[in-house]
Every structure is written in C-alpha cells, then in structure tokens.
> 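Sharing a structure with you now.
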Amino acid sequence: MTIAPHTELVHHYTEDFTALQDAVLTRMNGMASPETTAALAHPTLAGPIAIALAHADVLARGDVRRTELSGLSAPHRLRHLREHARRVRRARSAADAVCKEQRARRVADRRRPPLEPLELRVARAADPEAYGRALREELLDRGSTAADGREPDNDLALWAWQRGPAAAELPVAVRELLECHDAAFVQVLLRDAREGENPHLAHDAVVERWGRHARTALAWGRYAIAQAERQVLARPLTARRAQLDALDDAYQDAAILAARAREAKHRIADLHDRIRDRATAGPVAELIAQCRAAAHIRFAAGEPELWQRVCRLATEHQADCDARADGCPRCHRTLAALLTGNTSADTSQDGGGDGRGSEGLAPGYKKRYAILDDSPSRAAVAVADAAVGDESALCGYGWAAEDGTTRYGDSMASCSGEAEIIGICQAALSLLGRHPEAPVVILCDSTEAVEKVNLALTSADPAAAHRTVLFPEGRELLDRLLPHRDRFQVRWLKGHIGHDLNETADALAGLALRRATGRLSVSAARKEEARILRSLSSDQQPGMAAA
C-alpha cells in the first residue's frame with residue numbers, strides 16, 4: 001500500500017500539540033504550505049484541531065484584554081489583535097462544525113441492532129417503569145448493583161461493556177478519581193491545567209465524570225481571570241505590570257481548561273462509539289439480548305393483563321400495517337399511546353425529551369408577561385436584569401423598582417443564569433430593607449434564574465440553595481435572602497417587549513458590566529446612568545410599570 005506523503009506530518013501533529021496549533025493558525029492566515037494544508041485535512045486531526053483552536057481562542061481574547069488594560073499599546077496594534085481574535089473564533093466555529101459533521105456521519109453509518117419484537121417495544125413504551133423493574137431484577141441476578149439500575153434500558157450497553165474487557169481491575173489513581181467528592185474532582189481538573197496533565201482523566205471509567213465537571217472547572221478559570229482583572233483595574237496605568245502578568249497567567253490556565261474540556265467531549269464521544277459498536281456484535285450484543293429476553297419474560301409474568309392487551313393490539317395492528325415487512329419500526333409509540341389513552345406518550349426510551357415539554361418550562365410561563373392580578377397587595381415591585389461578558393466571570397446587574405429606586409453593580413457569576421440570580425437577590429434585599437412591612441416581588445426575564453431562586457426559597461435549606469449557584473458571591477446573597485422567604489416572591493417577565501422597568505434594568509446591567517471591566521470611566525458611567533434614568537422618567541406613566 002502506498003503511504004501518503006503527509007502521513008508522517010499527520011503523526012507529528014497528533015503527537016505535538018504546539019506544532020499542530022502553529023500549523024492551524026498558519027493555515028488560518030493563508031500562509032500554510034501545500035503539505036501542511038493536506039495534512040491538516042486528514043480526518044483524524046479534526047478533533048485535535050478543534051481542541052487546539054479552543055486553546056488559541058482563549059489566548060487570543062486574553063491578548064486583546066491585556067492590551068486594552070495596559071493602555072500603552074498603539075491603536076493599530078489593538079486593532080490587529082482584535083482582528084486576529086475574530087479570525088480564531090471563526091476558525092474555532094468551523095472546526096467544531098467539521099467535528100459535528102464527522103460524528104453525524106459515524107452515527108449514520110453505525111450498524112444498528114436487530115429490531116426487537118413489536119410486542120416488547122409497545123409494552124416498554126406503555127409502562128416503562130414496570131419494564132425497568134423487570135430489567136433491574138434481571139441485572140441484579142446477573143451480579144449488578146442497585147446503582148447500575150438508574151435507567152437500565154438506556155445504560156444496558158454500558159452495563160455490558162463494564163462486564164467485558166473494561167471490567168479489569170482499576171488502577172488506584174483511577175479509583176480515587178471515581179470516589180472523591182465533586183468539589184475535590186474539580187480541584188483535580190484545576191491542577192491538571194495549572195500544574196501538569198493528569199493522564200488518568202482519559203480512562204474509560206473516568207472520562208464521563210471529567211466531561212460533566214469540565215465546565216465547572218472552566219468557570220473557576222474565568223473566576224481567576226476576573227479576580228486578576230479587578231487587581232489590574234485597581235492600579236494606575238503606569239503601575240500595572242505585575243498585575244498584567246498575573247492576568248496573563250490566568251488566561252493561560254483558562255486556555256488549557258478550555259482545550260481539556262473540548263478534549264473530554266471528544267473522548268466521551270469516542271467512548272460512546274466504542275460501546276455502541278460492541279453492543280451490536282459479539283459477546284456484548286449476545287449478553288444484551290439475553291438480558292432483554294429475560295426481562296421480557298419477567299415483564300409478561302408481572303403484568304399479565306397488560307401483556308395480553310399488548311399482544312392482541314400488536315397482532316391486530318400488524319395484520320394491515322404498511323410497515324409490517326420492516327417490523328413496524330416506529331409503530332410502537334402510537335400503539336402504546338392507544339393503550340394508555342395518552343396521545344402524547346413518553347418517547348424518552350427512544351432518546352427524546354425530558355418529560356417537561358418542548359422547553360421544560362412550568363405551565364403558564366409562556367403567557368405570563370409580568371405581574372398579574374394575583375400579585376400581593378401593597379407589594380413593592382422591581383425588575384432585575386444582568387449582563388455577562390465573554391472573557392471573565394465579571395458580571396453586571398441592575399434593577400429598577402416601581403417606587404422609583406434604581407441600582408446597579410458588579411459581581412462574579414459562572415453563567416448568565418447565576419448573574420441573573422445575583423441581580424434578583426440584590427434587588428430583593430434592597431426592597432426588603434426599604435419596605436419592612438410590605439411583601440416584595442421581583443420580576444426577571446430569565447426562566448432559569450426564576451426557577452432556581454424559587455427552588456432555593458422552597459427548600460429553605462442553605463445547602464440546597466448553594467447548589468443553585470457556583471461562586472461564593474451568589475451563595476452569600478442567597479444566605480441573606482432565605483430568612484425573608486415568606487415576604488419575597490420572584491416571577492418571570494418576558495424580556496424586550498417594551499416594559500419600561502425591564503428596559504431600564506437591562507440598560508443598567510450593561511452599564512455596570514462596562515464599568516466593572518474598565519471600558520467606561522466613572523464620569524462617563526454617571527452620564528450614562530443619568531441618560532437611562534431620564535429615559536425611564538419620560539417613558540413611565542402611572543400604572544404602566546407592572547403592566
């Protein structure tokens with residue numbers, strides 16, 4: 001077989017991350033040689049290229065931010081860095097699209113397992129809990145544990161995989177990674193970025209946990225950037241060298257965290273591909289078939305009436321179904337719905353939905369635009385909003401109340417939802433202090449934030465409240481708010497519909513973020529605040545604030 005001339009180069013890029021990143025950026029700038037371009041087009045490099053560009057993207061934004069805060073660079077230098085960062089971001093998006101396309105092709109080409117009998121598929125869809133119990137019992141008889149039985153039918157391929165070659169004795173370091181608490185595992189990921197790569201994260205037994213917590217570790221990387229950024233902004237322009245170096249270090253760590261998060265995602269996809277491939281052939285496929293057949297017998301014995309109805313309905317259906325020659329591959333959902341009398345039968349066993357509707361929102365959320373007639377009488381009402389940036393965990397919040405009070409400020413948030421929670425808490429605590437005898441209602445256009453704050457208030461448990469946010473700033477605010485849970489409500493408000501208080505809160509949050517990141521001076525911020533408040537005064541009319 002003739003070896004392609006760029007094979008050696010492909011191998012080199014696979015082994016040398018720095019060389020790969022340099023080659024990718026060279027190609028992005030249109031300066032790569034034909035050999036380099038051919039090598040980078042090799043399918044095996046699609047994932048590594050996406051990882052390299054995730055790393056380069058954070059570094060490019062860090063270069064821009066460091067230059068902005070230094071205040072010493074020529075304008076053309078800053079324009080060049082911003083344009084480079086935009087090119088890297090576009091290249092990263094393109095690389096991610098290539099990976100997504102490759103994965104879609106692999107899924108389409110994957111050999112599918114034999115279609116199960118229609119009766120069994122109908123029974124499982126009609127009563128997934130009963131089938132799940134039957135399968136769990138079978139797995140327990142085969143040496144499984146109770147923890148293996150969360151979603152046995154969905155995890156059956158993984159269960160079988162773990163009892164094959166993957167069931168070998170785990171190294172001590174891998175067991176430690178599996179057994180440590182979540183917070184300790186995140187610290188492992190942070191050390192992986194800041195001190196040295198941990199090879200055990202890529203183990204098949206650990207990689208999914210790595211993927212689940214990679215975003216949390218990256219959020220803490222952005223938190224470190226925000227802390228360094230604040231230290232820079234606290235110093236005059238001429239005395240920022242040490243702080244700028246610390247900011248650069250934080251961006252370097254965050255870049256590694258971003259690359260490793262992307263790597264975890266690719267490794268998880270590879271693991272799932274290997275599990276599914278083995279689940280359709282050989283001993284693993286045979287074991288899965290045996291488990292399902294045994295569960296089928298247990299189900300029929302445990303639910304005889306349902307099973308008889310299922311068999312009768314399936315037989316009648318197959319008598320005149322146009323798809324009977326193919327085994328009626330999609331008919332089981334409709335038949336299960338007929339059995340249960342539910343025309344929107346749960347299809348989660350076939351990979352769709354979370355059982356909460358198309359958007360997972362509580363009933364009425366789509367129609368509830370603001371405070372309605374059921375609001376508490378004499379309530380003090382405000383609308384809160386927040387804004388987050390791309391570079392760091394710094395966020396801005398703002399709120400505007402019906403009594404004319406407005407405020408804005410900055411904090412730290414791991415995501416936009418957490419920033420909105422901070423805005424809600426700040427508004428609520430202020431109004432609770434200003435109106436000690438009145439109930440307080442805060443409106444917010446983030447369904448995620450509203451649901452999480454309501455969850456924290458309902459639980460009345462500080463530990464449960466802390467699980468809704470990541471950083472200490474948000475946790476401290478929730479701790480202060482919980483004692484007032486009987487006087488406080490938070491509700492959803494549809495955003496950007498011309499609600500004057502919502503528009504004011506949104507403008508104040510953006511102002512707070514620009515002020516916190518040094519993109520707006522103190523004097524300019526005061527002028528902008530005055531303009532926002534003038535706009536509120538001119539737009540607001542009696543009775544309109546909570547319309």
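The structure displayed is predicted, hence computed values, not measured ones.
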> Going by side-chain contact (heavy atoms from CB on, under 4.5 Å), name the residues that satisfy it together with Gln102, two or more places apart in sequence or in a different chain.
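Gln102: side-chain contact (heavy atoms from CB on, under 4.5 Å) contacts with Pro43, Ala46, Arg105, Arg106.
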
> With a 4.5 Å limit on heavy-atom distance, are the side chains of Cys425 and Glu476 in contact?
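They are not in side-chain contact.
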
> Looking only at atom types and distance, does a side-chain atom of Ser430 sit under 3.5 Å from a main-chain N or O of Ala427, one as donor and one as acceptor?
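Checked: no pair found.
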
> Write down the atom of Val453, the atom of Ile424, and the distance for their closest heavy-atom approach.
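Smallest heavy-atom distance, with atoms named: CG2-CD1, 4.2 Å.
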
> Would the distance check show the side chain of Arg235 and the main-chain N or O of Ala239 forming a donor-acceptor pair, the cut-off being under 3.5 Å?
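Between the backbone of Ala239 and the side chain of Arg235 there is a qualifying donor-acceptor contact (under 3.5 Å).
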
> Specify the closest pair of heavy atoms between Val64 and Leu78, including all atoms of both residues, with the distance to one decimal.
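Scanning both residues, the minimum pair turns out to be O-CD1, 3.9 Å.
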
> What's the verdict on salt bridge (charged side-chain N to carboxylate O under 4.0 Å, His left out) for Glu418 and Arg475, showing C-alpha distance, side-chain angles and the deciding distance?
CA-CA 10 Å; Glu418 188 165 322; Arg475 292 182 174 185; over 6 Å; no

> If we ignore hydrogens and angles and just use 3.5 Å, is the side chain of Thr405 paired with the main-chain N or O of Ala401 as donor and acceptor?
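Flag not set: sc Thr405 to bb Ala401 has no pair under 3.5 Å.
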
> For Arg491, is there an ion pair with Glu451 - N to carboxylate O distance below 4.0 angstrom?
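Salt bridge flag = no for Arg491 with Glu451.
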
> Look up atom CG in Leu511 and atom CD1 in Ile532, then write down how far apart they are to the nearest 0.5 Å.
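Rounded to the nearest 0.5 Å, the CG-CD1 separation comes out at 5.0 Å.
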
> Between Leu513 and Val388, is any pair of side-chain heavy atoms under 4.5 Å apart?
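No. Closest side-chain heavy atoms not under 4.5 Å.
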
> Is there side-chain contact between Arg274 and Asp204, with heavy atoms separated by less than 4.5 Å?
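Touching, per the 4.5 Å side-chain cut-off.
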
> Do His499 and Lys494 have side chains that get closer than 4.5 Å, going by heavy atoms?
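They are not in contact (no side-chain heavy atoms under 4.5 Å apart), so the answer is no.
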
> Sequence neighbours left out, what pairs pass salt bridge (Lys or Arg N to Asp or Glu O under 4.0 Å) with at least one residue falling in residues 238-249?
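Pairs touching residues 238-249 that pass the test: Arg66-Asp245.
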
> Between Thr468 and Ala464, is there a donor-acceptor pair closer than 3.5 Å when you use the side chain of the first and the backbone of the second?
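Side chain of Thr468 to backbone of Ala464, a donor-acceptor pair under 3.5 Å: no, none is there.
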
> Measure the shortest side-chain to side-chain distance between Arg79 and Pro75 over non-hydrogen atoms and say whether it is less than 4.5 angstrom.
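Yes, close enough: below the 4.5 Å cut-off.
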
> Test your reading of the model: is there a side-chain donor-acceptor pair from Asp57 to the backbone of Leu53, 3.5 Å cut-off?
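It does not hold such a pair.
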
> Does any non-hydrogen side-chain atom of Ile51 lie less than 4.5 Å from one of His55?
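A side-chain contact under 4.5 Å is absent here.
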
> Measure from NZ or CZ of Arg61 to the centre of the six-membered ring of Tyr251, then state whether that distance is under 6.0 Å and the direction lies within 45° of the axis.
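Ring-cation test returns no.
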
> Do Cys444 and Val383 come close enough that some side-chain heavy atom pair is under 4.5 Å?
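No, too far: nothing below the 4.5 Å cut-off.
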
> Applying ring pair (Phe, Tyr, Trp, His ring centres under 6.0 Å) to Phe471 and Tyr223, what does each step give before you reach the verdict?
CA-CA 8 Å; Phe471 294 156; Tyr223 189 86; 4.5 Å; yes

> Between the side chain of Arg487 and the main-chain N/O of Ala438, is any donor-acceptor distance below 3.5 Å?
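Yes, the answer is positive, given that a donor and an acceptor are paired below the 3.5 Å cut-off.
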
> Stepwise, does the side chain to side chain contact (heavy atoms under 4.5 Å, CB included) test hold for Leu177 with Val188?
CA-CA 8 Å; Leu177 288 174; Val188 170; 3.7 Å; yes

> Salt bridge or not between Arg526 and Glu529? Use side-chain N to carboxylate O under 4.0 Å.
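No.
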
> Go through Val206 and Phe185 one step at a time and tell me if the side chain to side chain contact (heavy atoms under 4.5 Å, CB included) criterion holds.
CA-CA 11 Å; Val206 180; Phe185 190 85; 4.0 Å; yes

> Taking atom NE2 of His484 and atom CG of Leu432, what is their separation to the nearest 0.5 Å?
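Answer for the NE2-CG pair, His484 versus Leu432, is 5.5 Å.
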
> Tell me, please, which residues at least two apart from Arg267 pass salt bridge (charged side-chain N to carboxylate O under 4.0 Å, His left out).
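Expected list: Glu263.
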
> Which heavy atom of Cys99 sits nearest a heavy atom of His266, and at what distance?
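Distance-wise, the nearest heavy atoms are SG-CE1, 3.4 Å.
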
> Under a 4.5 Å cut-off applied to non-hydrogen side-chain atoms, are Asp445 and Glu420 in contact?
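Contact flag for Asp445/Glu420 side chains = yes.
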
> For Ala95 versus Ile49, what's the shortest heavy-atom pair and its separation?
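Minimum heavy-atom separation between Ala95 and Ile49: CB-CG2, 4.1 Å.
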
> Classify the side-chain pair Thr67/Arg77 by whether it contains a donor and acceptor separated by less than 3.5 Å.
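Per modelled atom types, Thr67 and Arg77 side chains form no pair under 3.5 Å.
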
> Any donor-acceptor pair under 3.5 Å linking the side chain of His435 with the backbone of Glu437?
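Such a contact is absent between His435 side chain and Glu437 backbone.
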
> Can you check whether Arg531's main-chain N or O pairs, donor with acceptor, with Ser535's side chain at less than 3.5 Å?
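The answer is no, because no donor-acceptor pair under 3.5 Å joins these two groups.
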
> Quick check against the 3.5 Å criterion: does Arg485 have a side-chain atom that pairs as donor or acceptor with the backbone of Leu457?
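Judged by distance alone, yes, a pair lies under 3.5 Å.
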
> For side chain to side chain contact (heavy atoms under 4.5 Å, CB included), just list the numbers for Val186 and Trp220, CA-CA rounded to whole Å, side-chain angles, deciding distance to a tenth of an Å, and then say yes or no.
CA-CA 9 Å; Val186 171; Trp220 282 110; 4.0 Å; yes

> Could you list the donor-acceptor pairs under 3.5 angstrom formed between side-chain atoms of residues 225-234 and any protein atom two or more places apart in sequence or on another chain?
| from | atom 1 | to | atom 2 | distance (Å) |
| --- | --- | --- | --- | --- |
| Glu229 | OE1 | Ser392 | OG | 3.1 |
| Glu229 | OE2 | Arg65 | NE | 2.5 |
| Glu229 | OE2 | Arg65 | NH2 | 2.5 |
| Arg230 | NH2 | Asp410 | OD1 | 2.7 |

> If you round to the nearest 0.5 Å, how far is NZ of Lys265 from CH2 of Trp210?
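Between atom CH2 of Trp210 and atom NZ of Lys265 there are 14.0 Å.
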
> Would you be so kind as to tabulate the donor-acceptor pairs closer than 3.5 Å made by side chains of residues 211-219, with sequence neighbours excluded?
| from | atom 1 | to | atom 2 | distance (Å) |
| --- | --- | --- | --- | --- |
| His213 | NE2 | Asp182 | OD1 | 3.4 |

> Between Gln489 (side chain) and Val441 (backbone), is there a donor-acceptor pair under 3.5 Å?
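No.
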
> Can you tell me how far apart CD1 (Ile422) and OG (Ser411) are? Round to the nearest 0.5 Å.
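One finds 3.5 Å between CD1 of Ile422 and OG of Ser411.
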
> If I take atom CD1 from residue Ile256 and atom CG from residue Leu189, how far apart are they, to the nearest 0.5 angstrom?
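Rounded to the nearest 0.5 Å, the CD1-CG separation comes out at 13.0 Å.
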
> Sequence neighbours left out, what passes side-chain contact (heavy atoms from CB on, under 4.5 Å) with Glu129? Give chain and number order.
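With sequence neighbours excluded, Glu129 shows a side-chain contact (heavy atoms from CB on, under 4.5 Å) to Asp127, Arg133, given in chain and number order.
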
> Taking all heavy atoms of Gly409 and all of Ala512, pick out the closest pair and write down the distance.
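Closest approach of Gly409 to Ala512: O-CB, 3.1 Å.
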
> Between the side chains of His84 and Asp63, is a donor N or O closer than 3.5 angstrom to an acceptor N or O?
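Their side chains do not contain a donor-acceptor pair, so the 3.5 Å distance test is not met.
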
> Report the residue from Arg194, Arg260, Arg222 that forms a salt bridge (charged side-chain N to carboxylate O under 4.0 Å, His left out) with Asp253.
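It is Arg194; the other options fail the test.
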
> Would you name the heavy atoms of Ala505 and Gly398 that are closest together and state the gap between them?
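Result for this residue pair: CB-O, 3.7 Å.
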
> Measure the spacing between CG of Asp385 and CG of Leu501 and express it to the nearest 0.5 Å.
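Going from CG on Asp385 over to CG on Leu501, the span is 11.5 Å.
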
> Does the side chain to side chain contact (heavy atoms under 4.5 Å, CB included) test come out yes or no for Asn502 and Leu443, once each step is laid out?
CA-CA 8 Å; Asn502 181 232; Leu443 305 177; over 6 Å; no

> Under 3.5 Å, is there a donor on one side chain and an acceptor on the other for His272 and Glu208?
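Distance-only check passes for His272 and Glu208.
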
